[in-house]
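Keep in mind the model is a prediction, meaning the values are calculated, not measured. Just the heavy atoms: all of them, side chains too, but no hydrogens, waters or symmetry mates, feed the values below. Along the sequence shown, the residues carry numbers beginning at 1.
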Amino acid sequence: MTSVLDGYLVDPKLSLLDKTRIQAQVLVPVLRALRAELGKGKADAIVKQALRDWSKQLFAAIGDSIEGSPRRKWATIQSVFGEVSGKEVETEILRHDKEALDIDVTRCRFAEFFRALANPTSARC
C-alpha cells in the first residue's frame with residue numbers, strides 16, 4: 001500500500017500502535033528524567049512544545065506532498081490515518097452529511113495504552 005505517509009513511517013509492516021509502543025520505550029524514560037530534574041510542569045511543557053513543533057512540521061511536509069485544497073489535503077490525511085489506525089480505533093458514525101461529520105470513538109487502543117503507561121498497576125495487557 002503506497003500512501004502519503006510512506007516516507008514518514010518507519011516500517012509499513014508494523015502497526016501504528018506497535019510503533020507508538022516503540023517510541024514510548026524511549027520517550028517515557030526521557031520524560032521521567034526531565035520531570036525528576038525540572039519538575040512535572042516544566043518538563044511536560046517542554047516535551048509538549050517539542051512534540052507540537054515536530055507534529056506541525058511533519059503534517060506540513062505531508063500536506064505539501066498532497067495536491068489540492070486544504071480541505072482535500074485534510075480528507076486525504078484523515079483517510080490514510082483511518083487505514084493505518086483503523087483496527088486500533090473503533091468508532092460509530094452518528095452523523096455524516098454535507099453539514100457535519102459527527103463520530104463517537106467507542107474504543108481506542110492508543111488511549112488504553114497511554115492509560116496503562118500512566119498507571120502500570122492497572123494495565124489490562
Please table the atom pairs, donor to acceptor, closer than 3.5 Å between any side-chain atom in residues 45-59 and protein atoms at least two apart or in another chain.
from, atom 1, to, atom 2, distance (Å)
Q49, NE2, D53, OD1, 2.7

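- Side-chain N or O atoms of R72 include one that pairs as donor or acceptor with a backbone N or O of E67 at under 3.5 Å.
- To the nearest 0.5 angstrom, L34 atom CG is 10.5 Å from K42 atom NZ.
- Residues satisfying the side-chain contact (heavy atoms from CB on, under 4.5 Å) test with I22, not counting sequence neighbours, are L14.
- Considering only residues two or more places apart in sequence or on other chains, E90 meets the side-chain hydrogen bond (donor to acceptor under 3.5 Å, both in side chains) condition with R109.
- Side-chain contacts under 4.5 Å among hydrophobic residues (ILVMFWY), followed directly or transitively, place I103 together with I93, L101.
- Linking Ile, Leu, Val, Met, Phe, Trp and Tyr residues whenever their side-chain heavy atoms come within less than 4.5 Å leaves W74 and I62 in two separate clusters.
- Linking ILVMFWY residues whenever their side-chain heavy atoms come closer than 4.5 Å, directly or via other members, leaves L31 and F113 in distinct clusters.
- When hydrophobic side chains of Ile, Leu, Val, Met, Phe, Trp and Tyr are connected at separations under 4.5 Å, L27 ends up as a singleton with no cluster partners.
- Remark: R71 pairs with no residue by the salt bridge (Lys or Arg N to Asp or Glu O under 4.0 Å) rule, at least two apart or across chains.
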**Request:** Take E88 and R107, measure what salt bridge (Lys or Arg N to Asp or Glu O under 4.0 Å) needs, and give me the verdict at the end.
**Result:** CA-CA 8 Å; E88 314 297 353; R107 181 171 188 200; over 6 Å; no
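- Residues passing the side-chain hydrogen bond (donor to acceptor under 3.5 Å, both in side chains) test with D18 are S15, R21, sequence neighbours excluded.
- Between P29 and A24, the closest heavy-atom pair is CD-O, 3.7 Å.
- A search for side-chain contact (heavy atoms from CB on, under 4.5 Å) contacts involving S79 returns E83, not counting sequence neighbours.
- Applying the side-chain contact (heavy atoms from CB on, under 4.5 Å) rule to F114 yields the partners T20, L117; only residues at least two apart in sequence or on another chain are considered.
- Residues passing the side-chain contact (heavy atoms from CB on, under 4.5 Å) test with A100, sequence neighbours excluded: R95, D97.
- Not counting sequence neighbours, the partners of K40 by the salt bridge (Lys or Arg N to Asp or Glu O under 4.0 Å) test are D44.
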